[in-house]
Amino acid sequence: MDKAYSPRDIEGRLYTHWESADYFSPRGLGAAFCIMIPPPNVTGTLHMGHAFQDTIMDALTRQMRMSGRNTLWQAGMDHAGIATQMVVERQLNAEGKTRHDLGREAFVARAWKWKGESGGTISRQLRRLGASLDWSRERFTMDPDLSAAVTEVFVRLHEEGLIYRGKRLVNWDPVLLTAVSDLEVVAEEEAGQLWHLRYPFEDGSGFVIVATTRPETLLGDAAVAVNPDDERYRKLVGKKLRLPLTDRLIPIIADAYADPAFGSGCVKITPAHDFNDYEVGERHGLEKINILDPSAHLNENAPAKYRGLDRFAAREIMLADLAAAGLIERIEAHTHAVPRGDRSGAILEPYLTDQWYVKVAPLAAAAITAVEAGRIRFVPENWNKTYYEWMRNIKDWCISRQLWWGHRIPAWYDAAGKVYVGRSIDAVRASNGLAANVALTQDDDVLDTWFSSALWPFSTLGWPKKTADLATFYPSSVLVTGFDIIFFWVARMIMLGLKFMGDVPFREVYVHGLVRDTEGQKMSKSKGNVIDPLDIVDGIDLESLVKKRTTGLMQPQLAPAIEKATRKEFPRGIEAHGTDALRFTFAALATQSRDIRFDLARVGGYRNFCNKLWNAARYVTLVTDGQDCGLRGEVELSAADCWIRSRCSFAAAEAARGFADYRFDLAAQALYEFTWYEFCDWYLELSKPILQSPATSAAALRGTRQTLAQVLETILRLLHPIMPFITEELWTRIAPLAGKSGPTIMLAPYPLASDFPRDAAAESEMRWVMDFILGVRQIRGEMDIAPSKRFDVLVANAGERDLTLLKSHGGYLERLAQVAGIRPLAAGEAAPQSATALLGEMKILVPMAGLIDVAAERERLGKRATRARAELAKCHGKLANEKFVANAPPEVIAQERGRVADFERELAQIETQLKLLAELR
RNA sequence: AGGCGCGUAGCUCAGUGGUAGAGCAUCACCUUGACAUGGUGGUGGUCGCUGGUUCGAUCCCAGCCGCGCCUACCA
């Protein structure tokens, strides 16, 4: 074995082996366990969020697979309507073309071609991460059978009246030229202005003042509203106003929507361009005057002067005209939320169009009940509040998109514009008695990507066919997701799963935090703080990293700042850490927190852990390979052997608990600590004196060798879900030594706490041994005695147990404490001038002659005395409090009394010692 | 405006109604025969602030300060 762990050499080889051996497919005899991967965008590349999430899913999947469950991690990808279409359009733009130059059919063909080229990227990256997805079942949301599921759901919902088509205001993206759902709107506070405009009375007797942030919309005004309770304006209701810049007259109406406290108390009502105004317009039967075309240029309903102008150009000219007419009362600075499209970044317009909607309320009611009844459990549980909050206020879902890439809406129109919904054009003709010669044209729109995503838990398993897979794997066991898509995806899967499968799509939803950079910033290309997870795995030099971060920016002017920050943060680029170290880091970072600040230093620490494990295995191999490991023959276990076996049982319990509670951080920590601090730091060292002593019996040799191999083999299995590669590599070497066999660690059983016996006696015995060693080390460390310096240690005041333990463990003590010899003081023998450590009643003495400076030892003891006195005072304070003694549970009081005794003894001994030092000076 | 969350060592984070922990960083010593990606021993915290409940609060409750996220928004 090499001296250092080198991940690069093994990762690719092992993954290929696993996949070709078909280890990822369901095979366990136990109950089904299923996770549906949140399908990544087909043309996407792996980012830190994916890597984190997929590590968690893989860890769960591997742990369950090892535990004998019939385990499926469903693979697949999403067609990502808008995102993919934008990418392909950008490619076309680079060629100087638009999608309209190609036409729909050719454009869609081009998108498929791009899917074919780029669609493999992310699955290759997932393989690098060690993700044990069942690739043989990989699905794509636009596969024929998944598309059929989409159509089926659409048609059935339509038949039940839960999908309808209607003309109403939607959030319109004038750049992408499509409607988007409420969820795709991001409203950010932006600095703007509030224009206070004068609307003159028809009779010229004055004016009212209205305020607006979008003055150009006045061309679509249908009224001005005042509050019915507003004394100032009550008399004006019904009067007519002359709408500026037009020749139209609009009425003053009374509506509670107008807030008397805001501005003048008068509000302009533009039913076709504002969601609130739309409602007011409906109440008052106002005309909806649409003044914009789809690209947000003013249309034929605007006065000729402004017609054809972009909304913002028109605004400037109109403001100038208003100013010239003396109709601007004042202008004030005003910050307000501006709605932008989450993909395009364009300012959205409320726009009057025909769209398809899902009537959500009935679906939401069942979905709320499912969570309330505990049929779905959120982890951490608090997320159900967020879920309820949204579900109880949910509005109808606009599902049509004016795009070309996606599932075409299964609706056809005849010449008269009558709409027919059906599974196919033939089905439509058949069920409506339409002859073949009746012209039908299909709806041009496609469905929101999230519509097909919502079906993912059952469409991937063959629905609407009643398949064996559906029977086995639906509902899936757990959904692993970020809170950012609870509304987009989780809620909709629950609604449609309940509707079409009659059961929840998953039993639990594990909601993890979002990966951010060290500063807590969201990682994004434009911020230039993105880290490619595979660059952590393979390493990347600084120049390549700078280049990666600064090319292809939407705003190239940011490049210098990004370059500077990158050079500062990673002066030497990023070292290679290997997949396992990255995965372990993700597991360790998987706390319940919402934000996960990614810290590269931590990966370094866990890379070291990999190396530690590697070298532990190297040692175990060295001392056991070719030796008798007790697989046959008599075996005798030492106290140390029993101790580490007992500790291993605890570690297995901790790991199991961590996995069961989705506390991967705690599982990772428990395994890290057991492996490093107990197995490596102590047990491997304890094994050396045993294995090297000529006095050790053959049975005891077998016992220790067997324990080394068995505990290490168990550690490997415990760690495998988090660190699949190194554990597999080492397991193939270690398993035979531990008497285990099998083709792969992947299918070896996950360890149980009951695999090793708990042994309280051995634990207490070894506690004594370790405390002894620590006591001597502490003196050595604090007294600056060179590690190479051997000295004799005396013990005083040793009890019977101390003497027994001293006798049986002398070998460890001398070796691990690096001392020449240990001997109890004879009866009546005077202790030489010594530095001391305490172990219960017993004193450990390190004679000072030639080793220790009196002043230094006095200082050291003084420090300890101070600490002990402070603790003692606290304990005394508590015990002096009558109420404490009266109310605290007896075991707490007993514990407190015990502490008093301990500290008092320690203090007394320290003081004796100090006095001794003073006398001998 | 409503909802949710956070504030613990220099940094990133665990944690518990009764001795405050880890990783990284830091200091000292050490090329000991698994590992310098290592070993040994240290340094470092009035657990955001103020009250309350309690025998006892970093933990529970209330208020405040600071920070963040989500939802809905006054034109």
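Chain naming here is simple, since letters A, B, ... match the order of the sequence lines and numbering starts at 1 in each. Only heavy atoms go into these numbers, but all of them, side chains included; no hydrogens, no water, no symmetry mates.
Side-chain contact check for A:D681 versus A:W676: some heavy-atom pair is nearer than 4.5 Å. In this structure, A:H577 and A:L582 have side chains that are not in contact, with every pair of non-hydrogen atoms separated by 4.5 Å or more.
Annotated stems with RNA chain B as a participant read B:1-7 with B:65-71, B:10-13 with B:21-24, B:26-30 with B:38-42, B:48-52 with B:60-64, given as range with range, by first number; only runs of 3 or more Watson-Crick or G-U pairs under 3.5 Å qualify.
A:Q895 and A:E891 share no donor-acceptor pair across their side chains, judged by distance under 3.5 Å alone.
Look at A:R663 and A:E654 and you find no salt bridge, because none of the NZ, NE, NH1 or NH2 atoms lies under 4.0 Å from a carboxylate O. For A:E906 and A:R899, the salt-bridge test fails: no basic side-chain N is under 4.0 Å from an acidic carboxylate O.
By the side-chain contact (heavy atoms from CB on, under 4.5 Å) test, A:N887 is found to be paired with A:K883, residues two or more places apart in sequence or in another chain being considered. With sequence neighbours excluded, no residue forms a side-chain hydrogen bond (donor to acceptor under 3.5 Å, both in side chains) with A:Y672. The side-chain contact (heavy atoms from CB on, under 4.5 Å) test applied to A:P260 returns A:N227, A:D230, A:R232, not counting sequence neighbours. Evaluation of the side-chain hydrogen bond (donor to acceptor under 3.5 Å, both in side chains) rule for A:R767 yields A:D771 as partners, not counting sequence neighbours.
Within the 4.0 angstrom heavy-atom criterion, no nucleotide atom of any strand lies near A:R214. Across all strands, A:K395 comes closer than 4.0 Å only to sugar-phosphate atoms, never to a base (heavy-atom distances). In this structure, A:W195 reaches neither bases nor backbone, as no heavy-atom distance under 4.0 Å exists between it and the strands shown. Among the protein residues, A:R777 comes within range of the sugar-phosphate backbone only, with heavy atoms under 4.0 Å from sugar or phosphate atoms but none that close to a base. Among the protein residues, A:E189 comes within range of the nucleic acid bases, having at least one heavy atom under 4.0 Å from a base atom. Looking at heavy-atom distances under 4.0 Å, A:K688 makes contact with a base. At a threshold of 4.0 angstrom between heavy atoms, the contacts of A:T386 with the nucleic acid are absent. Counting any heavy atom pair closer than 4.0 Å across all strands shown, A:R597 reaches sugar-phosphate atoms only and no base atom. Here A:R815 lies in heavy-atom contact (under 4.0 Å) with a base. Contacts of A:A337 with the nucleic acid, taken as non-hydrogen atoms under 4.0 Å apart, include base atoms.
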Compile the donor-acceptor pairs under 3.5 Å between side chains in residues 603-624 of chain A and protein atoms, sequence neighbours left out, one pair per line.
residue	atom	partner	partner atom	Å
A:Y606	OH	A:R602	NH2	3.4
A:R607	NH1	A:E575	OE1	3.1
A:N611	OD1	A:Y5	N	3.0
A:W614	NE1	A:D2	O	2.8
A:N615	OD1	A:R618	NE	3.0
A:N615	ND2	A:K3	O	3.1
A:N615	ND2	A:N611	O	3.0
A:Y619	OH	A:S687	OG	2.7
A:T621	OG1	A:A617	O	2.6
A:T624	OG1	A:V620	O	2.5

Got a list of side-chain donor-acceptor pairs under 3.5 Å for residues 272-281 of chain A, not counting sequence neighbours?
residue	atom	partner	partner atom	Å
A:H273	NE2	A:N290	OD1	3.3
A:H273	NE2	A:I291	N	3.0
A:D274	OD1	A:N276	N	2.8
A:D274	OD1	A:D277	N	3.0
A:D277	OD2	A:T270	N	2.7

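Every pair passing salt bridge (Lys or Arg N to Asp or Glu O under 4.0 Å) that includes a residue from residues 183-193 of chain A is listed here, sequence neighbours excluded: A:E184-A:R401, A:E190-A:R340. Pairs of residues two or more places apart, or lying in two chains, that qualify as salt bridge (Lys or Arg N to Asp or Glu O under 4.0 Å) and include a residue from residues 263-272 of chain A are A:D221-A:K268.
Taking the centre of each ring, A:F586 and A:F52 come in below the 6.0 Å mark.
The stretch residues 866-874 of chain A touches RNA chain B through A:R867, each having a heavy atom under 4.0 angstrom from the strand. Using a 4.0 Å cutoff on non-hydrogen atoms, the parts of residues 677-686 of chain A near RNA chain B are A:Y677, A:C680, A:D681, A:L684, A:E685, ordered by number.
For RNA chain B, the span of nucleotides reached by chain A at under 4.0 Å from its heavy atoms goes, 5' to 3', from B:C4 to B:A75.
Comparing the same atom, C1', in B:G3 and in B:A75 gives a spacing of 25 Å after rounding to whole Å.
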